[in-house]
Amino acid sequence: MPRVTILPQNLSADVKPGELLLAAGEQAGVEMEAGCFNCECGTCAAEIVRGMENLNPPTPEELDVLDQWNRDSEKYRLTCCVRILQGEVVLRQAH
Ligand code: FES
């Protein structure tokens, strides 16, 4: 079962494969930053501290939004449009 840990709270949850990172964070008990819930506003940007390889690859839309916020897509993802596929992911909310 995939596992998500949110920093700095250091709260974790086991989640089902394919769960949105945003929903996974809420399951860990963290109030996740979000605005549009639609991969458009960038509010939900989070630093992926570990486990980028366990997430689905970014879409062109996500890459555009990350670019607008000057966030390196190799380190940051938008939690409202990224799914955890397997393994462990550790993230830190960027705002
Ligand atoms: S909440 Fe707007 S991009 Fe994720």
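Side-chain atoms are counted along with the backbone in the values below, which use heavy atoms only and exclude waters and symmetry mates. Ligands are counted one by one from 1 in listed order, and the atoms in each one are counted from 1 as well.
Using modelled atom types, one side-chain atom of Gln93 and one backbone atom of Glu33 make a donor-acceptor pair closer than 3.5 Å. Between the Asn54 side chain and the Gly87 main chain, no donor and acceptor come within less than 3.5 Å of each other.
The list of salt bridge (Lys or Arg N to Asp or Glu O under 4.0 Å) pairs with a residue in residues 37-48, not counting sequence neighbours, reads Glu47-Arg92.
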For residues 17-29, tabulate all N or O donor-acceptor pairs below 3.5 Å that involve a side-chain atom, not counting sequence neighbours.
| from | atom 1 | to | atom 2 | distance (Å) |
| --- | --- | --- | --- | --- |
| Glu19 | OE2 | Lys16 | NZ | 3.3 |
| Glu19 | OE2 | Gln27 | NE2 | 2.8 |
| Glu26 | OE2 | Met32 | N | 3.4 |

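Near atom 4 (Fe) of ligand 1, less than 2.8 Å away, sit the protein N, O or S atoms Cys44 SG, Cys80 SG.
The CG atom of Leu91 sits 3.5 Å away from atom CD1 of Ile6, with the distance rounded to the nearest 0.5 Å.
For Asp64, the salt bridge (charged side-chain N to carboxylate O under 4.0 Å, His left out) test picks out no residue, with sequence neighbours left out.
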